[in-house]
2 protein chains.
Amino acid sequence: MNDTAPWVTYRPELQVMDCTIRDGGLMNDHQFDEKLVKAVYQTCVDAGIDAMEIGYKGSKKLFDPAQFGAFKFSDEEAIRNIVGDNDTNLKLAIMADAEKCDYKTDILPKEQSVLDIIRVATYVHQIPVAVEMIHDAHEKGYEVCCNIMAVSVVQEPDLDQALEVIAQTPASTVVVVDSFGALYREQIDYLVKKYAKAVEGTGKEIGIHAHNNQQLAFANTIEAIILGANRIDATMMGLGRGAGNCPMELLLGFLRNPKFHTRPVYELLQDYFVDLQKTMEWGPNVPYNISGLLNQHPRAAMGLRASDDKDQYVAFYDRCISDV
Amino acid sequence: MNDTAPWVTYRPELQVMDCTIRDGGLMNDHQFDEKLVKAVYQTCVDAGIDAMEIGYKGSKKLFDPAQFGAFKFSDEEAIRNIVGDNDTNLKLAIMADAEKCDYKTDILPKEQSVLDIIRVATYVHQIPVAVEMIHDAHEKGYEVCCNIMAVSVVQEPDLDQALEVIAQTPASTVVVVDSFGALYREQIDYLVKKYAKAVEGTGKEIGIHAHNNQQLAFANTIEAIILGANRIDATMMGLGRGAGNCPMELLLGFLRNPKFHTRPVYELLQDYFVDLQKTMEWGPNVPYNISGLLNQHPRAAMGLRASDDKDQYVAFYDRCISDV
């Protein structure tokens with residue numbers, strides 16, 4: 001084709017973060033086999049992925065360690081058990097949820113930790129907490145990202161204010177997060193441009209974290225990349241809450257940077273994820289399509305899929321659109 | 001959000017065609033239960049879909065009626081058995097493949113048929129045959145579409161010439177067909193704009209027929225719609241060859257025209273397609289991801305999925321990229 005084809009080249013500054021164990025853990029209370037976590041880690045290294053988000057820093061006051069697996073808490077020891085001293089180019093991240101993380105005590109100073117990145121996740125009403133957490137992590141020596149969750153249900157003035165506040169923090173990345181998998185391409189455009197404008201001149205990068213309710217996670221990720229987003233979230237075979245995320249194997253295939261390799265990812269999927277699918281369900285199906293379309297939290301669809309009525313689509317749809 | 005939001009409105013001239021039975025038939029030699037075909041037809045009517053492509057007009061010299069189901073051939077009687085006199089607003093279509101259809105005898109004059117639309121499918125090297133078929137169908141009284149298949153492997157000068165020739169035919173629609181599910185959004189842009197320019201001033205519409213190898217069928221369909229494509233193909237639950245097509249339930253949810261209804265589609269999926277999935281496989285998975293990424297025909301991936309090695313992704317990938 002004889003026009004300019006920018007899709008043949010690549011942007012060296014674009015970085016990919018694997019969120020498989022962190023987002024996928026929402027589907028099994030983070031009860032992953034240690035062998036699987038190690039395999040995901042090694043695959044990230046082999047595939048040339050830039051960063052791996054290994055879990056949450058959940059508060060042990062809020063979450064019972066007897067119920068949840070190690071990466072609900074991501075204690076330093078648990079992480080080192082997987083990565084040793086992480087003598088690789090892969091950066092390691094954890095997610096710290098606003099109001100669900102004892103960050104002052106549980107996030108160690110960077111020099112005591114193998115972690116590189118703290119990702120502060122916040123609903124828009126929690127921004128003041130998130131700002132404190134961002135400063136705390138930055139002062140401890142980490143690279144910090146801020147994920148404003150569920151943006152598809154945020155009112156415009158609230159979002160504008162939130163972005164204005166975050167723009168002044170030392171977070172180096174602000175992530176567009178489509179928690180409900182509700183957004184279409186034109187809405188992704190709108191948001192990525194808004195975020196970029198809000199952080200203009202600060203040197204901050206824009207990130208994208210998409211969910212796959214309407215089979216748009218990969219496409220919306222591509223869209224954000226085209227518009228300049230340089231911090232890209234994906235997961236192996238799309239494993240993640242509900243309909244899951246942008247599949248890593250598709251993303252790496254799309255990216256043209258020769259540092260990325262898809263073959264190790266195919267190997268991981270073949271050796272671990274085919275079996276995992278037999279015991280866990282994730283990925284788009286009709287109930288997740290419906291919750292995405294209606295811009296609703298996936299919890300009702302997750303509940304349906306865990307019940308005997310999992311394929312009763314019409315009754316589910318009727319409940320989702322009922323006024324009571 | 002306070003900017004213009006064109007995605008809230010709709011384009012009345014946009015028409016949707018259901019291709020479930022035609023494209024899905026490629027996965028089971030068209031051996032669909034008559035009850036299922038009737039249910040898809042009734043759902044199309046109830047959902048406000050504009051047209052239904054019920055099958056192929058395959059040559060009985062090339063395809064054995066003992067091996068293939070009724071809608072490999074779509075005899076008038078077989079169609080009427082499903083739709084009666086089709087006393088509805090739903091238009092009925094069949095696909096006539098260049099060099100695989102005895103169109104002169106098997107396509108009846110419009111006044112003897114319940115069909116409304118003939119879709120001529122052609123590879124770029126068959127354009128002269130396709131042009132004759134387009135004229136034949138037009139002279140018999142039908143609305144005619146032309147689907148240029150496998151465009152992702154067509155050389156630019158060939159495509160330009162094909163479009164120039166088709167622009168002069170009485171076909172009312174030219175369809176961008178991503179047979180291999182290989183195209184990304186920017187490539188869809190490029191092609192839709194090219195097709196639109198080629199038929200400028202002829203009154204022809206642009207159509208889109210996407211495959212879901214890389215989970216981009218719905219997204220690429222949205223992209224074509226944004227750029228003005230008004231003839232849109234989709235299938236129920238994405239049923240179609242290999243990775244399948246743009247899912248109807250997602251497309252109708254996205255379209256804002258109040259004439260479309262998703263609930264009848266959810267009902268069909270619940271009552272028929274959940275069971276169908278137990279005996280047929282379709283939809284994106286790793287081997288289809290790979291064939292889409294590599295811009296290859298899905299037949300190797302289909303062969304793999306039908307074998308005992310269906311999850312041997314790495315060996316499959318290695319074969320796909322081997323030089324021999």
Side-chain angles (χ1 to χ4, degrees), chain A residues 1-3 5-7 155-157 159 184-187 190-191 193-194 212-220 222-223 226 237-238 246-247 249-250 252-254 262-271 273-275 284-286 289-290 292-294 310-318 321, chain B residues 1-3 5-7 155-157 159 184-187 190-191 193-194 212-220 222-223 226 237-238 246-247 249-250 252-254 262-271 273-275 284-286 289-290 292-294 310-318 321:
Chain A
M1 300 185 182
N2 53 14
D3 280 10
W7 57 85
Q155 299 295 303
E156 187 90 2
L159 180 59
Y184 297 110
R185 162 215 184 301
E186 289 163 298
Q187 297 164 298
Y190 182 83
L191 290 169
K193 287 176 184 166
K194 172 186 280 288
N212 210 18
N213 298 60
Q214 302 199 74
Q215 299 192 16
L216 293 173
F218 179 39
N220 285 344
I222 289 176
E223 188 62 23
I226 289 172
M237 212 181 248
C246 171
E249 60 278 17
L250 295 176
L252 295 189
F254 169 76
T262 53
R263 195 176 186 281
V265 179
Y266 299 140
E267 196 163 3
L268 175 80
L269 302 188
Q270 164 188 295
D271 292 346
F273 281 62
V274 172
D275 279 343
N285 55 38
V286 175
N289 298 163
I290 292 171
L293 173 64
L294 298 175
K310 67 180 183 160
D311 290 313
Q312 295 301 310
Y313 307 147
V314 176
F316 177 74
Y317 176 69
D318 289 344
I321 61 169
Chain B
M1 301 184 179
N2 54 14
D3 280 11
W7 57 85
Q155 299 296 301
E156 187 90 2
L159 180 59
Y184 297 110
R185 159 207 181 311
E186 290 163 298
Q187 296 163 298
Y190 182 82
L191 290 170
K193 288 176 183 165
K194 172 186 280 289
N212 210 19
N213 298 61
Q214 302 199 76
Q215 299 191 16
L216 292 174
F218 179 40
N220 284 344
I222 289 176
E223 188 62 23
I226 289 172
M237 211 180 248
C246 172
E249 59 279 16
L250 296 175
L252 295 189
F254 168 77
T262 54
R263 195 176 186 280
V265 179
Y266 298 141
E267 198 164 359
L268 175 80
L269 302 188
Q270 165 187 291
D271 293 346
F273 280 61
V274 172
D275 279 344
N285 55 38
V286 175
N289 299 162
I290 292 171
L293 172 64
L294 298 176
K310 66 180 185 162
D311 291 313
Q312 294 301 310
Y313 307 147
V314 176
F316 177 74
Y317 176 69
D318 288 345
I321 60 171

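Here is the naming used below: chain letters follow the sequence lines, and residue numbers restart at 1 for every chain.
Options B/Q215, B/E249, B/Q312 differ in how many heavy-atom pairs under 4.5 Å they form with chain A, and the most are formed by B/Q215. Contacts with chain A were tallied for B/I222, B/N289, B/V265; B/N289 has the most, counting heavy-atom pairs under 4.5 Å. With respect to chain B, the highest number of heavy-atom pairs below 4.5 Å among A/L269, A/I321, A/N285, A/I226 belongs to A/I226. For the set B/L294, B/V286, B/D318, B/T262, the entry with the most heavy-atom pairs within less than 4.5 Å of chain A is B/D318. Between chain A and the residues B/L293, B/L250, B/N220, the largest count of heavy-atom pairs under 4.5 Å involves B/L250. In terms of heavy-atom pairs under 4.5 Å with chain A, the best-connected choice from B/M237, B/Q155, B/E223 is B/E223.
In this structure, the portions of B/F254 lying under 4.5 Å from any heavy atom of chain A include both its backbone and its side chain. Contact annotation for B/P247: only side-chain heavy atoms (C-beta onward) come within less than 4.5 Å of a heavy atom of chain A. Looking at A/N212, only its side chain comes within 4.5 Å of chain B, counting heavy atoms on both sides. Only the side chain of B/L216 has a heavy atom closer than 4.5 Å to any heavy atom of chain A. Using a 4.5 Å cut-off between heavy atoms, B/P6 touches chain A through its side chain atoms alone. Heavy atoms of B/E267 lying under 4.5 Å from chain A belong to its backbone as well as its side chain.
Checked by atom type and distance alone, the side chain of B/Q270 pairs as donor or acceptor with a backbone atom of A/Y313 at under 3.5 Å.
Atom CH2 in A/W7 sits 6.0 Å away from atom CD in B/E186 (nearest 0.5 Å).
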